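Here the structure is laid out as structure tokens; the discussion comes afterwards.
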Amino acid sequence: MIRFRSKLFITFISLIIIVMLCLGILLGQFFKTYYFNSFNNRIQHELSIIVNYIEDIGGISAFLNDRKAKNIFSTFESSLTIISMEKEVLYNSYTIGKTSPTLNNDTLRKIVSSRKEGYEVIKDGDELHFYWMPIKNNDEIIGYAVISNEIEEIKTANQQMWWILFISLGTSLMIIIMVGSRIAARYTRPIEAATNAAIELAKGNFRVRTYEEHSDDTSMLSASINILARNLQEMEIAREMQQDRLATLIENIGSGVLLIDSKGYITLINKAYKQLFKVNPSDFLFRLYYEVIEHKEVINLIEEIFMTEKSVKKQMLLPLRLERKHFEVYGAPIIGTNDEWKGIVLVFHDITELKKLEQMRKDFVANVSHELKTPITSIKGFSETLLDGAMKDENTLEYFLTIILKESDRLQTLIQDLLDLSKMEQQEFSLNINRLNISNLLQETYAILEKKAKDKDISFQLETPKAPALVEADSYRLKQVFINLINNAITYTPNGGEIKVIVRDEAGFVCVEVKDTGIGIERDELPRIFERFYRVDKARSRNSGGTGLGLAIVKHIVEAHKGKISVESTPGKGTSFFVKIRKKFPGKDKSTN
């Protein structure tokens, strides 16, 4: 593609060449006409002088006898011929180097018969110009004077004139080309730079700049282009920042986001949606929503928004592979300017945990009410019985008071466990962290529960490593954990069973395993055993005086130590609890929330 400078320069030079050619042709024609007219006027003037001289000296005969006159006229550049009325050539001034006039009979006849002055051009090899004038004597024509000359000198002058014009115009053209190229370069360079900058801006390269010449007439154009580029760059930076923020927000928001265009094609899904619904973007994006969305409830919600063009919010229970999750789905139409329909956005809030917490709250209230109701009912019933007269019987009085005391202790234990659990969940809950040997702690726990195991004829073994198992923990809370776990093992292990407490030293942790050969736990019940008031064997737990809060307290204490607790169980064969306590308490602060 020819650049703008080349186009301008070629147009400029073409115009100059055309103008100069026209000017040269006009000047050539002008000079040719001028020379031709001057030539004709000159020979006519010479002829008039000769004729007047011949007539003044007495005619043709006198002229022919006047040698001096003939010598003078022989010096003229033109040739002089005198003819009589009988077409006879009386005199010819032709000399070597001069043109010899060739007067044929037709020309002589034309001259004699013209009876007046005339003019004729004969082109026979050379172009000859003839001028004649009658010679009179007493108003009677006695002959004719003919003067002739070749046009060669005019041709020579014309050729010289054309050479002068050619050299002058060529020199002028060269100068104009040199000056014009510099002028074109000066004035087109900023335009070309501005054009290239505009092309780059159109391509999206907003970092491009053009050189500004403050002294140049095109500086305003360059400055405007640079200002436009800077503004576009700032706008692009702001747009990219907004886009990045929006993309980051959409991608990292905790809820799933689904965007559908006006034709029903899915154009965007975020990371949360992909993780929640386990979808592959390549199989999901840019496809019709009813082809890839598996849940009929979601499809119905989308169709409702398409039909009503109104925002809709619904709660849904959707099956996701092996589990069911609760979602609060919010759908809204996307309507642009001039009420232009853009599509639909859906936001999936996972409220499964909220539903679980709500259910746990309901269960907690029901369980607390039930747990409190049982001892209070017993205390009230036995108290009323005593007041009705049973207190007069000492044996009955002692038996009823023993039951009332036992139920009061159970009620007190329940309230204390609730207070402990509530305190652990509060921010002010703190641990008294000290360096201790977990083997010694388990020896103390073993001593406390050994008799209870013997009463059920249960084999109780403690296996500790030879080296001290040192951890940074709260000894009181940790002892509470192991008492609870071992006590549960004794409770749920039949007579003649076996309990082992094994201490292992692992990288960064000390692991304590409490293993029994008890009744075990069903697989589907394992995730719930750390819930408040949840009992595997409700009848046996309640008969043993348990509150159903022990494992919940254990879990809170272990997590407060930044440790881990897990369980493995086989129904009818036994259960193993694994408690991992860090050797170095994180941060080594004396408290945790």
Side-chain angles (χ1 to χ4, degrees), residues 367 371 374-375 405-407 409-414 416-417 420-421 438-464 469 475-504 510-523 525-526 528-558 563 565-581:
N367 288 328
E371 294 294 336
T374 300
L405 178 61
K406 182 179 178 181
E407 294 296 332
D409 290 340
R410 179 181 174 186
L411 186 61
Q412 183 180 8
T413 302
L414 175 62
Q416 185 61 45
D417 286 346
D420 287 345
L421 192 58
I438 204 168
S439 299
N440 296 337
L441 184 69
L442 289 170
Q443 289 286 354
E444 297 174 4
T445 308
Y446 179 83
I448 294 173
L449 299 173
E450 183 181 15
K451 183 177 184 302
K452 186 175 181 181
K454 285 183 178 180
D455 291 342
K456 292 187 66 176
D457 194 20
I458 293 175
S459 173
F460 187 14
Q461 301 177 20
L462 175 61
E463 299 179 4
T464 59
S475 58
Y476 172 73
R477 293 295 184 182
L478 212 55
K479 184 184 291 186
Q480 187 177 358
V481 168
F482 295 126
I483 289 175
N484 200 304
L485 292 177
I486 297 172
N487 188 56
N488 283 347
I490 296 172
T491 302
Y492 291 100
T493 300
N495 294 346
E498 182 180 358
I499 296 175
K500 286 185 179 180
V501 179
I502 305 170
V503 180
R504 300 186 184 91
V510 172
C511 180
V512 178
E513 180 185 357
V514 179
K515 182 178 181 180
D516 64 53
T517 57
I519 61 175
I521 306 171
E522 295 290 339
R523 183 180 181 84
E525 291 183 332
L526 285 176
R528 300 193 60 190
I529 62 173
F530 295 105
E531 294 179 8
R532 299 176 181 88
F533 299 109
Y534 186 81
R535 293 184 174 89
V536 177
D537 187 342
K538 296 179 175 56
R540 181 177 298 184
S541 299
R542 194 166 283 117
N543 292 335
S544 66
T547 62
L549 298 174
L551 290 180
I553 294 173
V554 166
K555 185 173 183 293
H556 274 82
I557 293 175
V558 172
I565 184 170
S566 59
V567 59
E568 294 177 359
S569 182
T570 302
K573 293 185 177 181
T575 303
S576 294
F577 283 87
F578 300 90
V579 178
K580 291 185 177 182
I581 304 297

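Nothing here was measured: the structure is a model prediction, and the numbers come from that model. Hydrogens, waters and symmetry mates are skipped; everything else that's a heavy atom, side chains included, is used.
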* Polar side-chain atom of Ser569 near backbone of Gly574 as donor-acceptor pair, under 3.5 Å -> yes
* **Donor-acceptor pair, side chain of Lys452 and main chain of Asn487, under 3.5 angstrom** => no
* Would you check if the side chain of Lys456 reaches a backbone N or O of Ile490 as a donor-acceptor pair within less than 3.5 Å? => yes
* Would you indicate whether the side-chain heavy atoms of Val501 and Tyr446 approach each other to under 4.5 Å? => no
* Ser566: side chain to side chain contact (heavy atoms under 4.5 Å, CB included) partners, not counting sequence neighbours -> Phe578
* To do: Can you sort out the partners of Thr570 under side-chain hydrogen bond (donor to acceptor under 3.5 Å, both in side chains), two or more places apart, ordered by chain and number?
  => none
* Starting at CD of Gln480, measure out to CG of Leu485 and round the result to the nearest 0.5 Å. => 10.5 Å
* Value rounded to 0.5 Å, distance of NZ in Lys580 from CD in Glu513 -> 11.0 Å
* To do: Could you list the residues that satisfy side-chain hydrogen bond (donor to acceptor under 3.5 Å, both in side chains) with Asp516, not counting sequence neighbours?
  => none
* Structure fact -> dist Ile438:CD1 -> Leu478:CG (nearest 0.5 Å) comes out at 5.0 Å
* To do: With rounding to the nearest 0.5 Å, note down the distance linking CD1 in Ile483 to CG in Asn488.
  => 12.0 Å
* Asked: Do Val481 and Arg477 have side chains that get closer than 4.5 Å, going by heavy atoms?
  -> no
* To do: Using the test salt bridge (Lys or Arg N to Asp or Glu O under 4.0 Å), find all partners of Glu498 that sit at least two apart in sequence or belong to another chain.
  => Lys500
* Structure fact -> CD1 (Ile581) and CD1 (Ile557) are apart, to the nearest 0.5 Å, by 9.5 Å
* salt bridge (Lys or Arg N to Asp or Glu O under 4.0 Å) against Lys454, all qualifying residues, sequence neighbours excluded -> Glu450
* Asked: What residues form a side chain to side chain contact (heavy atoms under 4.5 Å, CB included) with Ser439, not counting sequence neighbours?
  -> Asn437, Thr464, Pro465, Ala469, Val503
* To do: Quick one: pull up CG in Leu551 and CD1 in Ile529 and give me the separation to the nearest 0.5 Å.
  => 5.5 Å
* Keeping the roles fixed (side chain from Tyr492, backbone from Ile521), state whether a donor-acceptor pair exists under 3.5 Å. => no
